[in-house]
Amino acid sequence: MEIRIEKAKTLKEKPDFSKLGFGKFFTDHMFVADYDGSGWHDARIVPFGYMPIHPASTVFHYGAEIFEGMKAYKTADGYQMFRPFENLKRMNNSAERLCLPEIPEDMWIEGLTKLINLDYSWIPDKAGTSLYIRPFMFGNDESLGVHAVHNARFVIILSPVGNYYAEGLNPVKISIESEDVRAVRGGTGYAKCGGNYAASLRAGKRAEQQGISQVLWLDGVERKYIEEVGSMNVMFKINGEVITPALTGSVLPGITRKSIIEILKEKGYKVSERLISVDELAQAAENGTLEEAWGTGTAAVVSPIGHLYYKGKDYEVSGNKIGKLTQELYDELTGIQWGRIKDERDWCYKVKI
Ligand SMILES: *Cc1c(COP(=O)(O)O)cnc(C)c1O
């Protein structure tokens, strides 16, 4: 794969790496490639900046857009990415669902590494910080006809991000949404596409107005079974067993979810991937068998849940404190990602600089 590199003439001033927040700053370069029906061409790394897009481009009218989210962590002699080929697999599953072209493995890994190598000085080194990687693709036909696209653009942008928990691992408040739904079986729930997020914003806004940080979605048909939280999968420890909603097609198959399940099983926990109804969860909260609850996702890694709100009731989880297992899982997974714990499962893709 030939990648043309056009370096930025002037480099940006770096932000204060101790005050990064999430997704606010971008590095000096970005990767771009175009697809024209016959294949990918003109793979290039160019200065980060605006892209002229035709006003009739498919993405603006029919929402053909998919994305990924992953992280690179600074190491003593370079950096490492966490399971980047899992993200490629998921990106291509999303592409298949939205009739967008697949990304070849060599373009994926060479695009990522050449871009990060060039912007290596943007990988923050403070505790808990990392370089967030946002690959995305959109349909880019310049016509208003409704059909599977012929032209697409694939872009990778990079953003140094801070510790998600500036004041330590804090339990979040989650409201169980009984009105809006995010996805239905047969729809695009398992694809990481912008459209799923567009559909989720109204409920998120309503929750925010009540001081609640995220929404827990129920299945789109019966509004009975727990699906996932905003941009995280969800897990519950009930009576010593860990239960997480099965991947029924409307739930996003998280890579953090998959990794945490592996870690839990190795630790000897019983993990059930199955349907869990909101009534079962409420009952467990009421009779004290709900011991811990947490979300899993690339941005926050493991996020403890302190309160669940459902139909006017407030269920407190683990006394609104971080559960013991939640903390253990956070420490283990971030330990592997930041290189503090030996990566025995070969999850990290290491690059020397
Ligand atoms: C990305 C995402 C997740 C988490 O996936 P990870 O691979 O663990 O980052 C969960 N739910 C939704 C809706 C997502 O978009």
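We count ligands from 1, going down the list as the structure has it; atoms in each ligand are counted the same way. If you read the sequence from its start, that first residue is 1, and numbering goes on from there.
- Under the 30°/60° scheme for interplanar angles, the aromatic rings of H147 and H150 are found to be tilted.
- Near Y197, with a cut-off below 4.0 Å to any heavy atom, the atoms of ligand 1 are 12 (C), 13 (C), 14 (C), 15 (O).
- Salt bridge absent: E177 and R182 never bring a charged side-chain N and a carboxylate O closer than 4.0 Å.
- Screening R90, R134, R83 for a salt bridge (charged side-chain N to carboxylate O under 4.0 Å, His left out) involving E68 leaves a single residue, R90.
- Contact between G230 and ligand 1 is present, with at least one heavy atom of the residue lying under 4.0 Å from the ligand.
- At under 3.5 Å, a nitrogen or oxygen of T256, whether backbone or side chain, sits near a nitrogen or oxygen of ligand 1.
- Not a single donor-acceptor pair under 3.5 Å links the side chain of W40 to the backbone N or O of R153.
- Atoms of ligand 1 found under 4.0 Å from any heavy atom of R90, numbered from 1 in the order shown, are 5 (O), 6 (P), 7 (O).
- What sits closest to atom 11 (N) of ligand 1 on the protein, heavy atoms only, is E228 OE1, 2.5 Å.
- Proximity of the aromatic rings of F154 and Y35 is defined here by a centroid distance below 6.0 angstrom, and this criterion is not met.
- Under the 3.5 Å distance criterion, the side-chain polar atoms of D219 are matched with a main-chain donor or acceptor of Y225.
- For a threshold of 3.5 Å applied to N or O pairs, the pair formed by I255 and ligand 1 contains at least one separation below that value.
- The contact set between ligand 1 and N233, taken as ligand atoms under 4.0 Å from a residue heavy atom, comprises 10 (C).
- For the atom pair SG of C348 and CD of Q337, the computed distance is 7.0 Å after rounding to the nearest 0.5 Å.
- For K12 and D28, the salt-bridge test fails: no basic side-chain N is under 4.0 Å from an acidic carboxylate O.
- Residue contact check for ligand 1: M70 places no non-hydrogen atom closer than 4.0 Å to it.
- Within ligand 1, the atoms closer than 4.0 Å to a non-hydrogen atom of G254 are 5 (O), 6 (P), 7 (O), 8 (O), numbered from 1 in the order shown.
- Which parts of ligand 1 touch M232 is read off a 4.0 Å heavy-atom cut-off, strictly below it: atoms 10 (C), 11 (N).
- A distance-only check finds no donor-acceptor pair linking the side chain of N239 to the backbone of E241 [under 3.5 Å].
- Heavy-atom distances between E68 and ligand 1 stay at or above 4.0 Å for every pair.
- For F67, the ring-ring contact (aromatic ring centres under 6.0 Å, His included) criterion is met by Y197, not counting sequence neighbours.
- Residue nearest to atom 1 (C) of ligand 1, selected from R182, R257, K192, K71: K192 (by heavy-atom distance).
- Looking only at protein heavy atoms, the nearest one to atom 9 (O) of ligand 1 is T298 OG1, 2.6 Å.
- Residue-level proximity to ligand 1 for L252 is carried by the side chain, the only part with a heavy atom below 4.0 angstrom.
- Taking 4.0 Å as the cut-off, S231 counts as a neighbour of ligand 1 on heavy-atom distance.
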